[in-house]
Amino acid sequence: MKGFLLRRAATVPLTLLGVSLLVFAATELVPGDVARTILGREASQASVTALREQLGLDRPWIQRYADWLGGFLTGDWGESYTLGVPVHDLVLDRLGHSLLLAGVAFALLAPVAVGLGLWAGVRHDRAADRVISVGGLAFGAVPEFVTGVILLVVFAVKLRWFPSGAQAPEGSGPLIVLWHLALPALSLVLLCTGYVARHVRAGTVASVESPYARAAELRGLTRGQVVRRHVLRNSTVPAASALGVQLQFLLGGLVSVELLFTYPGIGALLLQAAVDKDLPVLQAAALVLGLLYMVIVLGADVAYRLLDPRVRLGAVTS
Amino acid sequence: MSAADATAVRAVTRTRGRFRVALSVGVALIAAWTVVAALWPALAPYDPEAQDPLARFLAPGGAHLLGTDQFGRDTFSRMLAGARPVLQVAPPATVLGVLLGTAIGLAAGTLGGLVDEIIMRVLDAVAIFPAVIATVLFVALAGRSVTVMVLVIAGAFTPIVARSVRAATLVEREKAYVEAVRLRGGSTVREILPNIGPTVLVEATSRFGDAIFAAATLSFLGLGQPPGSPDWGASVSDNRLWLTVAPWTVLAPALAIASLVVGIALTADALRGRREHA
């Protein structure tokens, strides 16, 4: 276990290097002159050249990459081309909003998906199982912005139960904030529930039909007791790895959900920066999101191993 | 046959029946939208681009089955026309991604050793980079075009396909028939390929659904089909400004996307299930 953790931790700087190179290379591919884009078509060639020098665009790429990565690591992320504010504060502020939305969605997703998966597994091949399986399959296939727009029409426009924007007014209490985040969080939850529930269901079916569950039942335990004491524990292992996978989809879904619900998160920022060709913001936002993904993948991997005593104690190396 | 056997047989028959229903519904939905994509000019009651200032925001019913949008364009006709752009991007992207992924997965699985190790490490590194971020980066920077969409979606799918093809190849490689070919000095790839065909088919169907998902999302984000196009994703994006006035202009393309992707998901699930319960 310790060796595994060390090995995984050692991959972090390597991945950081890879992701940063990829982000930098992608932004290098920008067609056209960035200085020209910022100043507009009317600007004189002299002022374009001056701006190129000011932005350091006339230096070789390897030098700019080293400067950029060094600046990123020391907290100097540069200034936004279009907004004129420090990128560091802007990106971290938007990241905070996104983490709140993703956190609310995840807090909803984990119990709902695991609960539905358990229920479907215990009642497998009955009506409840089929409804959960087909429903999860359908919602998992539909893009989150489609689910989101349908939720908007029904719950914000027709019934007026929820607001159509996800951003609560400045200084709102936590309940008001949650109320604003409910619809965007729900569209992310609907996207991810089916996958997690399917994995929990598979684990549950296997353990309900296992000899130890049958033995427990023969010893006189009720179905509920068997599920609580024996099945639940064994279903959490597939649940952890499935939740880890879906957390990545959930973060990916932030881009379109934040756009749909006009929420000032990092996904919407990334998109806006890409459209405006605001390179410092684009690079920082992409790198921060890439790092976040990496942490989640790593966290899910570790959680998976901690939950399974066979792996934890080194009896099985998976 | 004992009573227990009879119950088991009935359960299997019932499961197969369920997959058959799912498969029929799924294939019917895909077929219906494919026909619409090909023949919409003959099916649409109006020109999807024709504007009518006197007929703006008409509610569904009457002359306009699904109402009209802010330019008085017929929502139903636009929904039918919107099937074409998405079905021009998703199939080539799927085919390209599946071909590349199958080639890489087969190579890794049959060659094994160091080559396999290197290929899998590179795929791991690529897979850790979130597809959405990569997509936004590349489409926004490389410019908006059908070719870029196809390449980006295919690129995102390649590692996924490669991984499952490799896994299937590793299973087949250990079987006696492959050993026999190897002893005879024949091409193992040629023997393995037909036997992993079903895996590739299931994989391709799932990826097709994901390709529709990706193409619609790109257009919704303004990185795919241009605004004003009857494309479903672009329509949802354009019309969401009028959500409170004319919700039908958003619901029609949204439900069109949903019906197509659900159809594909049902098909993929039925194909996978039939394999597992065979």
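Below, each value reflects all heavy atoms present in this structure, side chains not excepted, and no hydrogens, waters or symmetry copies. In what follows, every chain begins at residue 1, and chains take the letters A, B, ... in the order their sequences are listed.
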Can you say whether the rings of [X] and [Y] are parallel (under 30°), tilted (30 to 60°) or perpendicular (over 60°)?
X	Y	result
B:Trp242	B:Phe57	tilted
A:Phe24	A:Trp61	tilted
A:Phe155	A:Trp161	tilted

Please classify the contact of [X] with chain A as side chain, backbone, both or neither, using a heavy-atom distance under 4.5 Å.
X	result
B:Leu266	both
B:Ile257	side chain
B:Leu243	both
B:Val136	both

In terms of heavy-atom contacts, does CZ of A:Arg123 have more than 12 from other residues, nucleotides or ligands at under 6.0 Å?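 Open: at most 12 neighbouring heavy atoms sit under 6.0 Å from CZ of A:Arg123.
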
Interface moiety of [X] toward chain B, non-hydrogen atoms closer than 4.5 Å:
X	result
A:Val142	both
A:Leu260	both
A:Leu287	neither

Given the options B:Ala254, B:Ser206, B:Gly233, which has more heavy-atom pairs under 4.5 Å with chain A than any of the others?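 Looking at each option in turn, the highest pair count goes to B:Ala254.
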
Centre-to-centre under 6.0 Å for B:His64 and B:Phe76, is that the case here?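 B:His64 vs B:Phe76: aromatic centres not under 6.0 Å.
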
How long is the straight-line distance from OG of B:Ser237 back to CD of B:Gln225, given to the nearest 0.5 Å?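 Spacing of CD (B:Gln225) from OG (B:Ser237) equals 12.5 Å.
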
